[in-house]
Engineer: 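Let me begin by handing over the structure; questions about it come next.
Along the sequence shown, residues carry numbers from 1. What you see is a predicted model, and the numbers here were worked out from it, not measured in a lab.
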Amino acid sequence: MSEWLLDGVLGLLLLGLAGGALHVRQLYAGVLLFIAFGLVLALVWARLGAADLALAEAAIGAGLTGVLLFAALARQPQAGSEPRLSRRRRLAAVLVLLPLLILLLPELAPLAELQPTVPAQIDAALAQSGVEHPVTAVLLNFRAWDTLLELAVLLLALLGARQLGPLQPQLSEPWPLLRAWGRTLTPLLVLAGGYVLWRGAASPGGAFQAGALLAAGIVLLRLAGALPALHWSFWPLRLLVLIGLLLFIGVAAACAWYGDGWLHYPAGSAKLLILLIEAAATLSIAASLSLLVIGDEPEAQS
């Protein structure tokens, strides 16, 4: 009974925070509600047993995205520019969406009676995948092209953000408490990121979760004033951004040239290749997310 009560409270709280974030008039309150929504959603994922998604949601959905939203809010030209939706438009939206939902429900109901066959196929091929966790096997072996394209999308997002001009966050003097906790929490985030990366082969985790934790540590150090500004002209930083995608493409090309096809790992080498790809992808994801959040500050002209 207590578990049902906890799940019900989390579900109602999630819906309430989502509605509040969408309909509150003050943008500042909307950002706070969105961050709270991300934290509650991380708890929901944890209740469902998806620890990797819970970590990713807490680090990216609530943490890094919250910083981006606050940075965007600071650039608002004037207070009172919040968009408002009249009651008539809200009612019109409900009148349009409600009939569509009624029409879709009979079509979605038979889906619950279908017996999925994909889990059985994954279990049958798991021994040859090089890893022990089915999600990692799908993302890094059976459908590795999806993960490769996700890294490409992240790189394109970073390059697109750079076209908008360098982000120059105006960082105030950090509080002493932030300085102390920043230096204390960052090593723990690095340790947790390494653990999540290593355990991703046999349990929930992997490169995206580990990269998000490392990026959170970098952002925390930057906000605490313990890390200098990031510069795109610094070539090791550019190499970190590209190394995950380049290594992924290199492994794919080597498999096509010497093996059975693109990203068809040789027998006995799948685990080592997946570990190398995951480690390189972790560094690229951490560098890309850090640049997206705290920006690429231009170097001072001498």
Engineer: Indicate every side-chain donor-acceptor pair of residues 138-147 with a distance under 3.5 Å to a residue at least two apart or in another chain.
Structural biologist:
{"unit_1": "N141", "atom_1": "ND2", "unit_2": "S129", "atom_2": "O", "d": "2.8"}
{"unit_1": "R143", "atom_1": "NE", "unit_2": "D146", "atom_2": "OD2", "d": "2.8"}
{"unit_1": "R143", "atom_1": "NH2", "unit_2": "D146", "atom_2": "OD2", "d": "3.1"}
{"unit_1": "T147", "atom_1": "OG1", "unit_2": "L139", "atom_2": "O", "d": "2.5"}

Engineer: So, taking the atom named CG in L33 and the one named NE2 in H23, what distance separates them when rounded to the nearest 0.5 Å?
Structural biologist: 12.0 Å
Engineer: Got a sec, which residues hit salt bridge (charged side-chain N to carboxylate O under 4.0 Å, His left out) with D7, two or more places apart in sequence or on another chain?
Structural biologist: R47
Engineer: Say you draw a straight line from CG of L43 to CG of L48; how long is it, rounded to the nearest 0.5 Å?
Structural biologist: 11.0 Å
Engineer: Enter the distance from L237:CG to S288:OG here, rounded to the nearest 0.5 Å.
Structural biologist: 8.5 Å
Engineer: When rounded to the nearest 0.5 angstrom, what is the spacing between OG in S284 and CD1 in I277?
Structural biologist: 12.0 Å
Engineer: Shared ILVMFWY cluster between L283 and L155, side chains joined below 4.5 angstrom?
Structural biologist: no
Engineer: Side chains of residues 239-249: which donor-acceptor pairs under 3.5 Å do they make with residues two or more places apart or in other chains?
Structural biologist:
none

Engineer: Below 4.5 Å, heavy atoms only, C-beta onward: do L213 and Y195 meet side chain to side chain?
Structural biologist: no
Engineer: Indicate yes or no: at least one non-hydrogen side-chain atom of L151 is less than 4.5 angstrom from one of I285.
Structural biologist: yes
Engineer: Holding to side chain to side chain contact (heavy atoms under 4.5 Å, CB included), I want the full list of residues that pass it with L273, two or more places apart in sequence or in another chain.
Structural biologist: V251, Y265, P266, S269
Engineer: Looking only at heavy atoms, what is the nearest atom pair of A54 and A42, with distance?
Structural biologist: CB-O, 3.3 Å
Engineer: Can L15 be reached from V24 by stepping across I, L, V, M, F, W or Y side chains whose heavy atoms are under 4.5 Å apart?
Structural biologist: no
Engineer: Check side chain to side chain contact (heavy atoms under 4.5 Å, CB included) between A210 and all other residues, then give those that pass, not counting sequence neighbours.
Structural biologist: L197, T282
Engineer: Does the side chain of L41 reach to within under 4.5 Å of the side chain of W45, using non-hydrogen atoms?
Structural biologist: yes
Engineer: So which heavy atom on A207 is nearest to which on E278, and how close?
Structural biologist: CB-OE1, 3.1 Å
Engineer: Rounded to the nearest 0.5 Å, what's the gap from CZ on R238 to NE2 on H231? Could you check?
Structural biologist: 12.5 Å
Engineer: Rounded to the nearest 0.5 Å, what separation is found between the CZ atom of R199 and the OG1 atom of T136?
Structural biologist: 10.5 Å
Engineer: Group every Ile, Leu, Val, Met, Phe, Trp and Tyr by side-chain heavy-atom contacts under 4.5 Å, then state whether L191 and W198 land in the same group.
Structural biologist: no
Engineer: Between A124 and Q128, which heavy-atom pair has the shortest distance, and what is it?
Structural biologist: O-OE1, 3.7 Å
Engineer: Treating Ile, Leu, Val, Met, Phe, Trp and Tyr as nodes and any side-chain heavy-atom pair under 4.5 angstrom as an edge, say whether L13 and L22 lie in one connected cluster.
Structural biologist: no
Engineer: Between L292 and L154, is the side chain to side chain contact (heavy atoms under 4.5 Å, CB included) condition met? List the steps.
Structural biologist: CA-CA 10 Å; L292 282 170; L154 182 59; 4.1 Å; yes
Engineer: With hydrophobic residues grouped by side-chain heavy-atom distances under 4.5 Å, do F234 and V219 end up in a single group?
Structural biologist: yes
Engineer: By side chain to side chain contact (heavy atoms under 4.5 Å, CB included), which residues pair with A212, not counting sequence neighbours?
Structural biologist: A59, I60, L289
Engineer: Apply the test side chain to side chain contact (heavy atoms under 4.5 Å, CB included) to residues V190 and L214: give CA-CA distance (whole Å), side-chain angles for both, the deciding distance (0.1 Å), then the verdict.
Structural biologist: CA-CA 6 Å; V190 174; L214 292 182; 4.0 Å; yes
Engineer: Where do G130 and A270 come nearest, in terms of heavy atoms and distance?
Structural biologist: CA-CB, 4.0 Å
Engineer: Can you see which heavy atom on L126 is nearest to which on A137, and at what distance?
Structural biologist: CD1-CB, 3.6 Å
